[in-house]
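Step one of this worksheet: look at the structure below.
Below, each value reflects all heavy atoms present in this structure, side chains not excepted, and no hydrogens, waters or symmetry copies. For clarity, every value in this text was computed on a predicted model and none was experimentally measured.
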Amino acid sequence: MGKKAAKRQSITTKYFLNFIILIIIPVLLISFLLNMAYKNIFVNHYSEMVMQTMEQMSIRIQDELNNISLKSAMIGNDSEIINLVSKMKKSEAEGYQRLDLSNQVNSKINSLLNCSDDIYSVIFFYKDGGHYYFKSPLIQDDKTLRKEVWYRETIENKGRIIMPEKTKELISTGLSQKQLYFSMSPDILGEQNEVEVVCFVFMPKSIDSIYAKYQNQRMGTGLLINKDNDIIVSSDNKITKEDIEKCGLFDKKYKKSSYNDVVLNNKKNMIYTYLTNNDKWLLVNIIDYNMLTSEMNQVMMYFVLIYIVIIILFIIFAVFFIKDIVTPIKQLISKMKSVQKGNFDEKIVVEGSSEIVEMGESFNNMVSEINQLIIERDLQEKEKSKEEMKALQAQIQPHFIYNTLSSIRLMAMVAKVDGIKNMTDAFMKLLSAIFKHNDSLIKVRTEIEYLNNYLYIMKVRFDELFTVEYDISEEIESLYMIKLTLQPLIENAIHHGISKVDRKGIIKVRGYLQEEFLIFEIEDNGVGIEKDRIHDIIHSKKSEDRKSFNHIGVNNVMRRIKLNHGEGYGITIDSEYMKYTKVTLILPIIHEGGKSDV
């Protein structure tokens, strides 16, 4: 009793525990997994977009470099410019003559540059020392520069544009941007050529403008670095070479394109790299991971807040809802125990939802009917055959009622309200079949409905021990048959067949017309019947199991059929022990109004 009381008192707790386990935890877990999956999808999509943008930037940067390289080559291979610069060296002209030559060189270079400000300075190195500059003067010692690797490499690749990777700043610009260089050795024949190397100094202004254009596309901080780890272009001057070195970017081997997450300034960042087409520079994009996923995190926070509000509202609703169910159920259980002890004068006053009230009214009606049936039980056995048949249809065993309501109590304990409603509805419809219909003949479809209500109750009671398969011909549904004829046979199949085997039970119900007969076959895969017992079951006058829904057993069904329709109709049984049992009902074809085809 203590354990049962504890279970009754813990309905609310179990309800909320099931709510947490079956709803809250799965929804939170699914939300978290969906958020993580969506973040990964978004980051991957963003990464693809960044890589495509960086590829476009690489192409644009290469185009700009090619443009500057072409302008440099035009100047370096222009024989007129080289001859003018060489004359300035040979003649050692001074004064007006040198100024005139210088103006001619400057005019020619400006003409080739077409007013472009890409090239900041052009420095012509003479073969035997010395130099001439266009625009900005050289700030380094030219003897030192001639010893550097890039200078020797330029001479070795005569007539070709070289982009030195390592060199000192050659001119003073007053700008923080890194100077970039092209150099070439003019491939011009003749003794008048005194120029050994021409160096072109340019600033990455046009490259910077390309980078600025793409930075407007939510790309975070952009960098352009060379293989010396120098930052050529940066959209954020706060990021230094030392900051990048801390995250290990320069320790990794250059690849055409790659991205990964690193910690920079104590923050998780996504870093994307793309090697430009000249394989000399590396495009770098850095974006704060939290900034990248901020919108998704904000949406997730809104979702969590909404979810919390829904949970609170549900809890408030559940408290009142469960209270409205648990209290009436406890009252019903108390009255049931009193009825179980033999007190059939009990009545229950139930308030609450319509389903609970209906269940209470059904209980009161049931107790009244049981009380009346008990009083009339002995008298019914002495009545004539027709009255006996009606009495047999009307008798209900308290044991079945108790078992049914016990199932309702069990369902209430786990707070499955829909199950309570369905169980109660099925039971009330079954009671209605007995109490509210005085006609002994009903339509086949109505009989099947009563059978379905009974089977619903039995499936709950036996925890889905069996399944039922119907094969009812449509042409017989409007025909008439004796009320509650199929239910006792199904009940026998369950209690005496399927419940005694370990395998899943299958009950097949078939109905069809055969010549002038209405045939029903009820077959189960239960324990079966031994051959020598079949005759006794059909013809025995011994009452069936007192725990059944009613007292109408196989023998009584046979008596009712013969009493109403004559000796030409009845029941046959075919069975094989431990395999199956098939009961066949042979009935007349009766149309509306009780008219038979026979």
Side-chain angles (χ1 to χ4, degrees), residues 380 383-396 425-458 468-493 507-524 538-539 544 549-574 581-598:
Q380 290 173 347
E383 292 181 355
K384 295 181 180 180
S385 299
K386 185 175 181 179
E387 294 300 323
E388 181 183 60
M389 181 178 63
K390 291 182 179 179
L392 289 172
Q393 293 180 32
Q395 289 176 2
I396 300 176
D425 286 345
F427 186 52
M428 291 182 66
K429 289 176 182 178
L430 203 55
L431 290 176
S432 177
I434 298 170
F435 296 129
K436 296 183 181 180
H437 293 282
N438 295 322
D439 296 334
S440 60
L441 294 178
I442 60 173
K443 288 185 178 182
V444 171
R445 74 165 63 91
T446 305
E447 178 73 3
I448 297 300
E449 289 177 3
Y450 293 160
L451 184 61
N452 283 332
N453 292 325
Y454 173 77
L455 285 170
Y456 180 85
I457 296 172
M458 298 307 289
V468 180
E469 299 176 0
Y470 288 98
D471 182 14
I472 306 299
S473 174
E474 291 183 0
E475 64 183 343
I476 73 170
E477 289 183 355
S478 60
L479 298 179
Y480 283 77
M481 63 183 294
I482 300 174
K483 180 171 61 176
L484 294 177
T485 304
L486 299 179
Q487 180 270 329
L489 305 179
I490 294 292
E491 185 173 36
N492 281 333
I507 300 175
K508 298 180 181 179
V509 181
R510 289 184 287 271
Y512 56 91
L513 295 178
Q514 187 180 74
E515 298 178 353
E516 70 272 24
F517 299 107
L518 170 61
I519 305 296
F520 284 94
E521 294 178 356
I522 299 173
E523 182 177 353
D524 66 80
I538 295 176
H539 299 284
E544 295 295 316
F549 174 76
N550 53 47
H551 294 184
I552 306 173
V554 175
N555 57 333
N556 282 327
V557 172
M558 173 72 88
R559 290 170 58 199
R560 292 171 60 203
I561 292 173
K562 292 186 179 297
L563 181 64
N564 281 273
H565 305 307
E567 292 296 325
Y569 306 94
I571 294 175
T572 64
I573 298 177
D574 179 28
T581 299
K582 181 166 72 174
V583 179
T584 303
L585 274 75
I586 305 171
L587 303 174
I589 300 174
I590 303 175
H591 298 281
E592 189 172 1
K595 185 178 180 180
S596 175
D597 285 351
V598 180

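Remark: His565 NE2 to Glu567 CD distance equals 12.5 Å, nearest 0.5 Å. Once rounded to the nearest 0.5 Å, the distance linking CD1 of Ile522 with CD of Gln487 reads 10.0 Å. To the nearest 0.5 Å, atoms CD (Glu477) and OG1 (Thr446) are separated by 10.0 Å. The distance from the CZ atom of Arg445 to the OH atom of Tyr450 is 12.5 Å, given to the nearest 0.5 Å. Taking CG of Asn492 as the start and OG1 of Thr581 as the end, the distance is 10.0 Å to the nearest 0.5 Å.
A heavy-atom distance below 4.5 Å is not found between the side chains of Ile457 and Asn453.
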Take Ile571 and Ile586 through the side-chain contact (heavy atoms from CB on, under 4.5 Å) test and state the conclusion after the steps. CA-CA 6 Å; Ile571 294 175; Ile586 305 171; over 6 Å; no
Test side-chain contact (heavy atoms from CB on, under 4.5 Å) on Leu479 and His591 and set out the steps. CA-CA 5 Å; Leu479 298 179; His591 298 281; 3.4 Å; yes
Starting from the C-alpha separation in whole Å, work towards a yes-or-no answer on side-chain contact (heavy atoms from CB on, under 4.5 Å) for Val509 and Ile490. CA-CA 9 Å; Val509 181; Ile490 294 292; 3.9 Å; yes
Chi angles and distances behind the side-chain contact (heavy atoms from CB on, under 4.5 Å) call for Ile482, Leu441: CA-CA 5 Å; Ile482 300 174; Leu441 294 178; 4.0 Å; yes
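Here the shortest heavy-atom pairing between Leu518 and Pro588 reads CB-O, 3.8 Å. Heavy-atom minimum distance, Glu523 versus Arg510: OE1-NH2, 2.9 Å. For the pair Gly511 and Ile472, the tightest heavy-atom approach, listed with the atom from each and the gap, is N-CD1, 3.6 Å. Listed here is the closest heavy atom pair of Ala493 and Asp524: CB-OD2, 3.5 Å. Scanning both residues, Tyr512 and Ser473, for their nearest heavy atoms gives CA-CB, 4.3 Å. Closest approach of Glu447 to Leu484, counting heavy atoms only: OE1-N, 2.9 Å.
A search for side-chain contact (heavy atoms from CB on, under 4.5 Å) contacts involving Glu469 returns Ile506, Lys508, not counting sequence neighbours.
For the side chain to side chain contact (heavy atoms under 4.5 Å, CB included) with Phe520, the lone residue among Leu486, Thr485, Leu489 that qualifies is Leu486.
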